[in-house]
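In what follows, chains are A, B, ... by sequence order, proteins preceding strands, each numbered from 1.
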2 protein chains.
Amino acid sequence: MSKSQLTLTPVETVACCSPLVREPLAADRAESVAPLLKALADPVRLRLVSIVAASEGGEACVCDLNDAFDLSQPTISHHLKVLHEAGLLDRSKRGVWVYYAVRREVLADLAALIGGGA
Amino acid sequence: MSKSQLTLTPVETVACCSPLVREPLAADRAESVAPLLKALADPVRLRLVSIVAASEGGEACVCDLNDAFDLSQPTISHHLKVLHEAGLLDRSKRGVWVYYAVRREVLADLAALIGGGA
DNA sequence: GATCAATATTGACAGATGTCGATGTGTGGG
DNA sequence: CCCACACATCGACATCTGTCAATATTGATC
């Protein structure tokens, strides 16, 4: 259907809007962007993204991430899943380890959206 | 106490951190920034902020905002309260009407935080 | 292939969140 | 003074979310 062809993922949508402060955000755009912000809007996930982004090579192993928090391994795994499914983190498995990397364009687009032209 | 003097509000905190992607965000900073993102991370509130920001004079009356949504007046009032308490919207009463205005610096700081140097 | 280590998935549960209808509060006009 | 209007607060409800313990899955190693 052409409908589904026109339907953009949240990650695609965020790159295609004029900034929040320029013109009213359309309802469907808002629905697409909100999940990205929702994924970021948690202290643990913010830190996860930050740790991953600041890591050498721009990626980090789950084992290292687990150690950075006083939370159970399933909880960290859950947060990483949320970030991955939102499109903020890439996931790659190497041997027994799983590495996550930040999709910087997505962060940049998000920033452009909320930051406006300023 | 010096402790409480060092404790910043979310709005203050967001302006004082190096970008997410530069160095790992400290836990307490993450706790401060997350509420701001949480406030934004809702389709209705995203649109509210956008509509207010794009309005003439940078402010909008609640009555106009109500008309822009298919939601009850208390619901819109609730969302505006969330945005106001997070520090994203300023509130000023003029006669019977209440006007909200976007605090652009906060948005800009948020954008700088998540957008990194890029 | 038995075993171990690294992640993911499941199920459960307390607490937060979005929404509404009903009601409260304050302001201006008649 | 009372009413109409703009907005906020309250109480209730269903849903979503963060967390954990337990269990499953997958890959390396002996």
S.K.: Would you check if A:Leu37 and B:Leu46 make a side-chain contact, meaning some heavy-atom pair closer than 4.5 Å?
M.R.: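 The answer is yes; the side chains approach within 4.5 Å.
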S.K.: Does B:Val98 or A:Lys93 map to a spot on DNA chain D nearer the 5' end, using the closest nucleotide for each?
M.R.: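 This one resolves to B:Val98.
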S.K.: For a 4.0 angstrom threshold against heavy atoms of chain B, report the outermost contacting nucleotides of DNA chain D in 5' to 3' order.
M.R.: D:dA6 to D:dT9
S.K.: Take atom CG of A:Asp67 as the centre, draw a 6.0 Å sphere, and report whether it contains more than 12 heavy atoms from other residues, nucleotides or ligands.
M.R.: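 Result for CG/A:Asp67: enclosed.
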S.K.: Between B:Leu40 (CG) and C:dT17 (C1'), how many Å, whole number?
M.R.: 16 Å
S.K.: Apply the salt bridge (charged side-chain N to carboxylate O under 4.0 Å, His left out) test between A:Glu59 and each candidate in A:Arg103, A:Arg104, A:Arg94, A:Lys93; give the one that qualifies.
M.R.: A:Arg94
S.K.: For A:Leu37 and C:dT17, give me the distance from atom CG to atom P, rounded to whole Å.
M.R.: 16 Å
S.K.: Check whether any side-chain heavy atom of B:Val49 lies under 4.5 Å from a side-chain heavy atom of B:Leu107, and answer yes or no.
M.R.: yes
S.K.: Determine the contact category for B:Arg45: base if any of its heavy atoms lies under 4.0 Å from a base atom, sugar-phosphate if only primed atoms, P, OP1 or OP2 are that close, otherwise nothing.
M.R.: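 Here B:Arg45 touches the backbone only, sparing every base.
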S.K.: Taking the side chain as every heavy atom from C-beta outward, state whether B:His79 and B:Phe69 have any atom pair closer than 4.5 Å.
M.R.: no
S.K.: Contact class for B:Tyr100 vs. all strands (heavy atom < 4.0 Å): base, sugar-phosphate, or nothing?
M.R.: sugar-phosphate
S.K.: Please identify each residue that fulfils side-chain contact (heavy atoms from CB on, under 4.5 Å) with B:Ser77, with sequence neighbours left out.
M.R.: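 Listed in chain order: B:Gln73.
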S.K.: Let me spell it out: for each of A:Val82 and A:Val96, pick the nucleotide of DNA chain D with the closest heavy atom. Which residue's pick is nearer the 5' end?
M.R.: A:Val82
S.K.: Do A:Ile114 and B:Ile114 come close enough that some side-chain heavy atom pair is under 4.5 Å?
M.R.: yes
S.K.: B:Val52, B:Val82: one ILVMFWY side-chain cluster at the under-4.5 Å cut-off?
M.R.: no
S.K.: Which residues within residues 57-78 of chain B lie with some heavy atom under 4.0 Å of an atom in DNA chain D?
M.R.: B:Cys61, B:Val62, B:Cys63, B:Gln73, B:Pro74, B:Ser77
S.K.: I need the CD-P distance between B:Glu85 and C:dT17, as an integer number of Å.
M.R.: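 From B:Glu85 CD to C:dT17 P: 11 Å.
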S.K.: So which one's nearest nucleotide on DNA chain C is more toward 5', A:Trp97 or B:Ala41?
M.R.: A:Trp97
S.K.: Would you mind classifying the nucleic acid contact of A:Arg91 as base, sugar-phosphate or nothing, using non-hydrogen atoms under 4.0 angstrom?
M.R.: sugar-phosphate
S.K.: Measure from NZ on B:Lys38 to C1' on C:dA16 and round the result to the nearest Å.
M.R.: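 These atoms are roughly 8 Å apart.
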S.K.: Answer whether the closest heavy-atom distance between the side chains of B:Leu83 and B:Val102 falls below 4.5 Å.
M.R.: no
